[in-house]
Amino acid sequence: MSRFHPLTVTDIARDTHDSVVVTLTPENEEAFRFTQGQYLTFRRDFEGQELRRSYSICAGLDDGALRVGIKRVEGGAFSTWANTALKPGDVLEAMPPQGKFYTPLAPEEGRHYLMFAAGSGITPILSIIRTVLTREPEARVTLVYANRRIASIMFRGELEDLKDQYLSRLSVLHILGQDAQEIELFTGRLDTAKLDKLFTQWIDLTGVHTAFICGPEALMQTIAGVLRDHGLNDAQIKYELFGAAQPGRAAKPAATTRDNTGKTCALSVTLDGTTRNLELPMDGTTVLEAALGANLDAPFSCTAGVCSTCRAKVLEGAAEMAVNHALEDYEVRAGYVLTCQCTPISDRLVLSYDT
Ligand code: FES
(Lines give C-alpha, C1' and ligand atoms only; values in the text may rest on other atoms or scores of the structure.)
Protein backbone atom coordinates (compact mmCIF):
# COMPACT_ATOMS: atom_id res chain seq x y z
CA MET A 1 0.00 0.00 0.00
CA SER A 2 1.37 3.41 -0.89
CA ARG A 3 2.21 5.61 2.05
CA PHE A 4 1.52 8.64 -0.12
CA HIS A 5 -1.99 10.06 -0.46
CA PRO A 6 -3.50 12.64 -2.81
CA LEU A 7 -4.33 16.14 -1.55
CA THR A 8 -6.04 18.80 -3.63
CA VAL A 9 -4.74 22.36 -3.49
CA THR A 10 -7.75 24.51 -2.57
CA ASP A 11 -5.98 27.82 -2.08
CA ILE A 12 -2.59 29.45 -2.55
CA ALA A 13 -1.89 32.72 -0.79
CA ARG A 14 1.30 34.70 -1.35
CA ASP A 15 2.79 35.57 2.00
CA THR A 16 6.10 37.26 1.18
CA HIS A 17 7.79 37.74 -2.20
CA ASP A 18 9.37 34.30 -1.82
CA SER A 19 6.87 32.29 0.19
CA VAL A 20 3.35 30.94 -0.23
CA VAL A 21 0.80 29.37 2.07
CA VAL A 22 -0.84 26.34 0.47
CA THR A 23 -4.21 25.05 1.70
CA LEU A 24 -4.84 21.39 1.04
CA THR A 25 -7.84 19.09 1.17
CA PRO A 26 -6.86 15.44 1.61
CA GLU A 27 -8.93 12.70 0.05
CA ASN A 28 -8.38 10.68 3.20
CA GLU A 29 -9.15 13.19 5.96
CA GLU A 30 -8.62 10.69 8.73
CA ALA A 31 -5.04 10.00 7.66
CA PHE A 32 -4.24 13.71 7.74
CA ARG A 33 -5.36 14.57 11.25
CA PHE A 34 -2.33 16.34 12.64
CA THR A 35 -0.79 17.47 15.87
CA GLN A 36 0.48 21.03 16.15
CA GLY A 37 4.10 21.38 14.97
CA GLN A 38 4.05 18.39 12.58
CA TYR A 39 5.11 18.34 8.93
CA LEU A 40 4.09 16.73 5.64
CA THR A 41 6.48 15.01 3.25
CA PHE A 42 5.61 15.60 -0.42
CA ARG A 43 6.94 13.82 -3.46
CA ARG A 44 7.00 14.88 -7.08
CA ASP A 45 8.87 13.95 -10.22
CA PHE A 46 11.13 16.60 -11.70
CA GLU A 47 12.42 15.56 -15.11
CA GLY A 48 12.36 11.91 -14.20
CA GLN A 49 13.85 12.32 -10.75
CA GLU A 50 11.66 11.93 -7.72
CA LEU A 51 12.13 14.69 -5.16
CA ARG A 52 10.78 14.51 -1.66
CA ARG A 53 10.51 17.56 0.49
CA SER A 54 9.07 18.16 3.95
CA TYR A 55 7.11 21.29 4.83
CA SER A 56 5.70 22.12 8.22
CA ILE A 57 2.02 22.62 8.83
CA CYS A 58 1.35 26.22 9.83
CA ALA A 59 -2.31 25.81 10.81
CA GLY A 60 -3.55 25.32 14.35
CA LEU A 61 -5.70 22.38 15.39
CA ASP A 62 -8.85 24.52 15.43
CA ASP A 63 -8.36 26.26 12.10
CA GLY A 64 -10.39 23.67 10.23
CA ALA A 65 -7.85 23.54 7.42
CA LEU A 66 -4.60 21.89 6.51
CA ARG A 67 -2.05 24.50 5.46
CA VAL A 68 1.69 24.44 4.85
CA GLY A 69 4.07 27.35 4.36
CA ILE A 70 6.60 26.97 1.53
CA LYS A 71 9.49 29.38 1.27
CA ARG A 72 11.43 29.44 -1.95
CA VAL A 73 14.96 28.18 -1.47
CA GLU A 74 17.69 29.28 -3.87
CA GLY A 75 18.07 26.41 -6.37
CA GLY A 76 15.32 24.37 -4.69
CA ALA A 77 13.29 22.65 -7.40
CA PHE A 78 10.27 21.83 -5.28
CA SER A 79 9.97 25.15 -3.46
CA THR A 80 10.52 27.13 -6.67
CA TRP A 81 7.84 25.12 -8.44
CA ALA A 82 5.43 25.57 -5.50
CA ASN A 83 6.06 29.33 -5.52
CA THR A 84 5.71 29.82 -9.25
CA ALA A 85 3.60 27.10 -10.87
CA LEU A 86 1.42 25.41 -8.26
CA LYS A 87 -2.24 26.43 -8.51
CA PRO A 88 -5.63 25.65 -6.95
CA GLY A 89 -7.03 22.38 -8.27
CA ASP A 90 -3.61 20.74 -8.56
CA VAL A 91 -3.20 17.46 -6.72
CA LEU A 92 -0.12 16.84 -4.57
CA GLU A 93 1.02 13.60 -3.00
CA ALA A 94 2.07 13.56 0.64
CA MET A 95 2.65 11.19 3.52
CA PRO A 96 0.44 11.60 6.59
CA PRO A 97 1.66 14.14 9.18
CA GLN A 98 4.82 13.26 11.06
CA GLY A 99 7.07 14.80 13.67
CA LYS A 100 7.35 15.24 17.40
CA PHE A 101 7.95 18.95 17.68
CA TYR A 102 5.25 19.53 20.28
CA THR A 103 4.34 18.93 23.89
CA PRO A 104 1.01 17.35 24.88
CA LEU A 105 -1.62 20.02 25.51
CA ALA A 106 -2.40 20.91 29.13
CA PRO A 107 -5.53 23.10 29.14
CA GLU A 108 -5.69 23.26 32.92
CA GLU A 109 -2.15 24.62 33.38
CA GLY A 110 -1.13 28.23 32.86
CA ARG A 111 2.13 27.46 31.10
CA HIS A 112 4.59 29.94 29.62
CA TYR A 113 5.99 28.78 26.27
CA LEU A 114 9.02 30.43 24.77
CA MET A 115 9.34 30.19 20.98
CA PHE A 116 12.32 30.95 18.78
CA ALA A 117 12.00 30.98 15.00
CA ALA A 118 14.32 32.08 12.24
CA GLY A 119 12.96 32.70 8.75
CA SER A 120 10.67 29.92 7.56
CA GLY A 121 11.25 28.17 10.91
CA ILE A 122 8.12 30.07 11.91
CA THR A 123 5.82 27.55 10.18
CA PRO A 124 5.66 24.79 12.86
CA ILE A 125 6.01 27.44 15.57
CA LEU A 126 2.90 29.22 14.23
CA SER A 127 0.97 25.94 14.33
CA ILE A 128 1.93 25.49 17.99
CA ILE A 129 1.14 29.10 18.88
CA ARG A 130 -2.29 29.02 17.24
CA THR A 131 -3.11 25.73 18.94
CA VAL A 132 -1.88 26.66 22.39
CA LEU A 133 -3.74 29.97 22.38
CA THR A 134 -7.05 28.25 21.68
CA ARG A 135 -6.58 24.97 23.53
CA GLU A 136 -4.74 26.20 26.65
CA PRO A 137 -6.77 29.20 27.82
CA GLU A 138 -4.37 30.13 30.62
CA ALA A 139 -1.14 29.72 28.64
CA ARG A 140 1.19 32.57 27.66
CA VAL A 141 3.49 32.58 24.65
CA THR A 142 6.59 34.66 23.98
CA LEU A 143 7.91 34.50 20.42
CA VAL A 144 11.37 35.68 19.39
CA TYR A 145 11.41 35.78 15.60
CA ALA A 146 14.61 36.47 13.65
CA ASN A 147 14.60 37.68 10.05
CA ARG A 148 16.84 39.74 7.81
CA ARG A 149 14.34 42.45 7.00
CA ILE A 150 10.76 43.44 7.66
CA ALA A 151 9.78 42.44 4.11
CA SER A 152 11.00 38.88 4.64
CA ILE A 153 8.94 38.21 7.78
CA MET A 154 6.61 35.30 7.04
CA PHE A 155 3.10 35.50 8.53
CA ARG A 156 3.69 39.09 9.68
CA GLY A 157 0.03 40.10 9.31
CA GLU A 158 -1.21 36.91 10.93
CA LEU A 159 1.08 37.39 13.92
CA GLU A 160 -0.12 41.00 14.31
CA ASP A 161 -3.73 39.79 14.27
CA LEU A 162 -2.98 37.13 16.86
CA LYS A 163 -1.24 39.71 19.07
CA ASP A 164 -4.33 41.94 18.89
CA GLN A 165 -6.61 39.03 19.64
CA TYR A 166 -4.53 37.71 22.54
CA LEU A 167 -3.09 40.95 23.91
CA SER A 168 -2.14 39.66 27.33
CA ARG A 169 -1.13 36.16 26.26
CA LEU A 170 1.07 36.55 23.18
CA SER A 171 4.11 38.75 22.88
CA VAL A 172 6.27 38.88 19.77
CA LEU A 173 9.81 40.24 19.57
CA HIS A 174 11.08 40.71 16.03
CA ILE A 175 14.85 40.60 15.68
CA LEU A 176 15.93 42.02 12.32
CA GLY A 177 19.42 41.43 10.97
CA GLN A 178 19.49 44.32 8.54
CA ASP A 179 16.61 46.71 9.20
CA ALA A 180 17.19 49.12 12.07
CA GLN A 181 14.57 49.19 14.83
CA GLU A 182 13.84 51.70 17.58
CA ILE A 183 15.27 49.43 20.24
CA GLU A 184 18.87 48.62 19.38
CA LEU A 185 18.74 45.23 21.05
CA PHE A 186 16.24 44.07 18.42
CA THR A 187 18.58 44.78 15.50
CA GLY A 188 21.46 42.55 14.36
CA ARG A 189 22.36 38.90 14.74
CA LEU A 190 20.71 36.77 17.37
CA ASP A 191 23.99 35.82 19.04
CA THR A 192 25.00 34.87 22.56
CA ALA A 193 25.42 38.48 23.73
CA LYS A 194 22.01 39.50 22.41
CA LEU A 195 20.31 36.44 23.89
CA ASP A 196 21.98 37.11 27.26
CA LYS A 197 20.56 40.62 27.22
CA LEU A 198 17.12 39.42 26.12
CA PHE A 199 17.00 36.99 29.04
CA THR A 200 18.13 39.56 31.58
CA GLN A 201 16.27 42.63 30.29
CA TRP A 202 13.17 41.45 28.40
CA ILE A 203 12.19 37.85 28.97
CA ASP A 204 11.78 36.34 32.40
CA LEU A 205 12.79 32.70 32.07
CA THR A 206 11.47 31.81 35.51
CA GLY A 207 8.49 29.57 35.01
CA VAL A 208 9.11 28.87 31.31
CA HIS A 209 7.64 25.43 30.71
CA THR A 210 9.17 24.62 27.30
CA ALA A 211 11.30 26.48 24.79
CA PHE A 212 10.68 25.55 21.13
CA ILE A 213 13.39 26.42 18.61
CA CYS A 214 13.15 26.12 14.82
CA GLY A 215 15.84 27.40 12.52
CA PRO A 216 19.29 26.61 11.16
CA GLU A 217 21.40 24.29 13.29
CA ALA A 218 24.08 26.75 14.39
CA LEU A 219 21.49 29.24 15.62
CA MET A 220 19.55 26.53 17.43
CA GLN A 221 22.71 25.40 19.23
CA THR A 222 23.49 28.98 20.25
CA ILE A 223 19.99 29.58 21.61
CA ALA A 224 19.90 26.24 23.43
CA GLY A 225 23.32 26.91 24.97
CA VAL A 226 22.28 30.30 26.34
CA LEU A 227 18.97 28.89 27.61
CA ARG A 228 20.93 26.23 29.50
CA ASP A 229 23.26 28.88 30.91
CA HIS A 230 20.17 30.64 32.20
CA GLY A 231 18.86 27.56 33.96
CA LEU A 232 16.69 25.60 31.51
CA ASN A 233 17.34 21.87 31.33
CA ASP A 234 17.50 19.70 28.21
CA ALA A 235 13.99 18.33 28.69
CA GLN A 236 12.63 21.89 28.48
CA ILE A 237 14.19 22.58 25.08
CA LYS A 238 12.70 21.19 21.86
CA TYR A 239 14.26 21.60 18.41
CA GLU A 240 13.17 21.35 14.82
CA LEU A 241 15.95 21.70 12.30
CA PHE A 242 15.40 23.00 8.82
CA GLY A 243 17.42 24.56 6.07
CA ALA A 244 20.37 23.62 3.95
CA ALA A 245 20.76 20.27 5.65
CA GLN A 246 17.66 19.04 3.80
CA PRO A 247 18.63 18.52 0.18
CA GLY A 248 15.22 17.13 -0.76
CA ARG A 249 16.78 14.79 -3.26
CA ALA A 250 15.87 11.20 -3.88
CA ALA A 251 18.07 8.70 -2.11
CA LYS A 252 20.85 7.38 -4.28
CA PRO A 253 20.83 3.73 -5.23
CA ALA A 254 23.37 1.59 -3.44
CA ALA A 255 26.85 2.72 -4.41
CA THR A 256 29.09 0.38 -6.32
CA THR A 257 32.41 2.15 -6.02
CA ARG A 258 32.79 2.34 -2.29
CA ASP A 259 35.47 1.06 -0.06
CA ASN A 260 34.52 -2.54 -0.59
CA THR A 261 36.14 -5.02 1.75
CA GLY A 262 33.80 -7.71 0.51
CA LYS A 263 32.21 -8.02 3.94
CA THR A 264 28.45 -8.15 4.05
CA CYS A 265 25.78 -8.00 6.71
CA ALA A 266 22.70 -10.22 6.73
CA LEU A 267 19.98 -7.59 6.89
CA SER A 268 16.39 -8.41 7.81
CA VAL A 269 13.90 -5.58 7.25
CA THR A 270 10.25 -5.58 8.34
CA LEU A 271 8.02 -3.06 6.60
CA ASP A 272 4.22 -3.00 6.59
CA GLY A 273 4.11 -6.42 8.22
CA THR A 274 6.35 -8.11 5.66
CA THR A 275 9.93 -9.20 6.36
CA ARG A 276 12.62 -9.29 3.66
CA ASN A 277 16.13 -10.65 3.99
CA LEU A 278 18.84 -8.76 2.14
CA GLU A 279 22.58 -8.81 1.86
CA LEU A 280 23.99 -5.42 2.80
CA PRO A 281 27.59 -4.68 1.73
CA MET A 282 29.56 -3.24 4.66
CA ASP A 283 31.09 -0.52 2.51
CA GLY A 284 29.15 2.49 3.69
CA THR A 285 25.89 1.57 1.99
CA THR A 286 23.09 2.67 4.27
CA VAL A 287 20.16 0.54 5.33
CA LEU A 288 17.81 2.87 3.44
CA GLU A 289 19.85 2.58 0.24
CA ALA A 290 19.81 -1.20 0.53
CA ALA A 291 16.06 -1.26 1.19
CA LEU A 292 15.27 1.02 -1.77
CA GLY A 293 17.69 -0.91 -3.95
CA ALA A 294 15.65 -4.03 -3.18
CA ASN A 295 12.48 -2.17 -4.24
CA LEU A 296 11.09 -1.88 -0.73
CA ASP A 297 8.81 1.14 -0.29
CA ALA A 298 10.85 2.36 2.69
CA PRO A 299 9.86 5.83 3.90
CA PHE A 300 12.29 8.73 3.54
CA SER A 301 12.40 12.40 2.82
CA CYS A 302 15.53 14.46 3.49
CA THR A 303 18.15 11.65 3.41
CA ALA A 304 20.25 13.97 5.56
CA GLY A 305 19.43 12.81 9.09
CA VAL A 306 17.11 15.74 9.70
CA CYS A 307 13.47 14.75 9.35
CA SER A 308 13.19 11.26 10.96
CA THR A 309 10.82 10.03 8.23
CA CYS A 310 13.13 7.01 7.75
CA ARG A 311 13.10 5.98 11.42
CA ALA A 312 13.22 2.27 12.23
CA LYS A 313 14.09 0.17 15.25
CA VAL A 314 17.03 -2.19 15.56
CA LEU A 315 15.77 -5.44 17.05
CA GLU A 316 18.97 -7.44 16.75
CA GLY A 317 22.58 -6.57 15.92
CA ALA A 318 24.17 -3.14 15.92
CA ALA A 319 24.34 -0.17 13.60
CA GLU A 320 25.77 3.32 13.74
CA MET A 321 24.49 6.61 12.36
CA ALA A 322 26.71 9.08 10.54
CA VAL A 323 24.43 12.01 11.43
CA ASN A 324 21.48 12.36 13.75
CA HIS A 325 19.64 15.67 13.91
CA ALA A 326 16.24 14.11 14.45
CA LEU A 327 16.11 11.41 17.11
CA GLU A 328 16.06 12.24 20.78
CA ASP A 329 18.44 10.51 23.20
CA TYR A 330 15.72 8.28 24.64
CA GLU A 331 14.82 7.05 21.14
CA VAL A 332 18.45 6.17 20.39
CA ARG A 333 18.68 4.36 23.73
CA ALA A 334 15.53 2.42 22.78
CA GLY A 335 17.23 1.24 19.56
CA TYR A 336 15.75 3.63 16.98
CA VAL A 337 17.92 4.68 14.05
CA LEU A 338 17.65 6.90 11.01
CA THR A 339 18.01 4.38 8.23
CA CYS A 340 19.25 7.01 5.77
CA GLN A 341 22.28 7.49 8.03
CA CYS A 342 22.70 4.02 9.36
CA THR A 343 25.28 1.38 8.48
CA PRO A 344 25.71 -2.01 10.18
CA ILE A 345 28.56 -2.79 12.55
CA SER A 346 27.52 -6.40 13.12
CA ASP A 347 27.27 -9.36 10.73
CA ARG A 348 23.53 -9.57 11.23
CA LEU A 349 21.08 -6.70 11.57
CA VAL A 350 17.36 -7.11 12.21
CA LEU A 351 15.36 -3.95 11.85
CA SER A 352 11.72 -2.95 11.70
CA TYR A 353 9.98 0.13 10.33
CA ASP A 354 6.72 -0.96 11.95
CA THR A 355 7.43 -0.38 15.66
FE1 FES B 1 15.16 12.35 6.81
FE2 FES B 1 16.37 9.96 7.13
S3 FES B 1 15.12 10.61 5.49
S4 FES B 1 16.27 11.61 8.52
Side-chain angles (χ1 to χ4, degrees), residues 2-4 34 37-46 49-57 68 70 73 76-79 93-102 120-121 123-124 213-217 220-221 238-255 267 269-272 278 280 284-314 319-345 349 351-355:
S2 172
R3 46 193 87 243
F4 283 88
F34 62 91
Q38 288 192 308
Y39 63 88
L40 301 181
T41 297
F42 297 90
R43 74 171 176 194
R44 186 173 188 271
D45 261 30
F46 288 87
Q49 190 191 11
E50 181 188 289
L51 292 194
R52 296 187 178 197
R53 198 71 174 91
S54 299
Y55 294 102
S56 289
I57 295 167
V68 293
I70 303 182
V73 176
F78 198 109
S79 64
E93 283 191 301
M95 283 192 233
Q98 290 173 291
K100 294 188 298 285
F101 187 52
Y102 62 86
S120 60
T123 36
I213 315 172
C214 186
E217 187 181 9
M220 293 203 311
Q221 302 289 6
K238 289 191 79 71
Y239 310 85
E240 182 85 335
L241 177 62
F242 80 93
Q246 291 195 57
R249 302 267 167 230
K252 294 182 202 72
L267 174 66
V269 179
T270 301
L271 177 68
D272 297 332
L278 312 171
L280 172 56
T285 301
T286 65
V287 169
L288 178 66
E289 286 172 336
L292 295 175
N295 290 325
L296 290 175
D297 185 21
F300 70 89
S301 176
C302 70
T303 68
V306 173
C307 70
S308 87
T309 307
C310 65
R311 189 183 92 142
K313 188 173 185 180
V314 172
E320 63 183 6
M321 287 184 280
V323 169
N324 171 26
H325 294 300
L327 297 179
E328 309 229 8
D329 291 350
Y330 75 88
E331 294 175 286
V332 175
R333 279 197 299 274
Y336 287 100
V337 289
L338 301 170
T339 55
C340 73
Q341 297 297 317
C342 159
T343 49
I345 50 174
L349 184 63
L351 190 138
S352 173
Y353 283 94
D354 294 349
T355 58

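Both ligands and their constituent atoms are indexed starting at 1 by order of listing.
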Check L288 against ligand 1 and report side chain, backbone, both or neither, counting heavy atoms closer than 4.0 Å. neither

Only heavy atoms of G305, strictly under 4.0 Å: list the atoms of ligand 1 that pass. 4 (S)

Heavy-atom check, side chain of P344 versus side chain of L267, under 4.5 Å: no

Run the numbers for me: atoms of ligand 1, each under 4.0 Å from some heavy atom of C310, listed by number. 2 (Fe), 3 (S), 4 (S)

Within 4.0 Å of some non-hydrogen atom of S308, the atoms of ligand 1 are 1 (Fe), 4 (S)

Side-chain heavy-atom pair V306, S301 within 4.5 angstrom cut-off: no

Checking the side chain of T339 only, and the main-chain atoms of C310 only, is there a donor and an acceptor separated by less than 3.5 Å? yes

Please walk me through it: do K100 and E331 pass salt bridge (Lys or Arg N to Asp or Glu O under 4.0 Å)? CA-CA 12 Å; K100 294 188 298 285; E331 294 175 286; 2.6 Å; yes

Side chain, backbone, both or neither: which applies to A326 and ligand 1 if a contact is any heavy-atom pair less than 4.0 Å apart? neither

Close-contact set for ligand 1 against C340 heavy atoms, below 4.0 Å: 2 (Fe), 3 (S), 4 (S)

Nearest atoms (heavy-atom pairs only) where V314 meets L349: CG1-CD1, 3.8 Å

List ligand 1 atoms under 4.0 Å from T303, heavy atoms only on the residue side. 1 (Fe), 3 (S)

Does the distance from a Lys or Arg side-chain N to an Asp or Glu carboxylate O, for E93 and R52, drop under 4.0 Å? no

Can S301 be said to touch ligand 1, with heavy atoms closer than 4.0 Å? yes

Answer yes or no: is there a donor N or O on one side and an acceptor on the other, between the side chain of S308 and the main chain of R311, under 3.5 Å? no

Spell out, as yes or no, whether a donor-acceptor pair under 3.5 Å connects the side chain of R53 to the backbone of S79. no

Could you list the atoms of ligand 1 found under 4.0 angstrom from a heavy atom of V306? 4 (S)

Checking only N/O/S atoms, does C302 have one that is under 2.8 Å from atom 2 (Fe) of ligand 1? no

With a cut-off of 2.8 Å, does C307 put an N/O/S atom close enough to atom 2 (Fe) of ligand 1? no

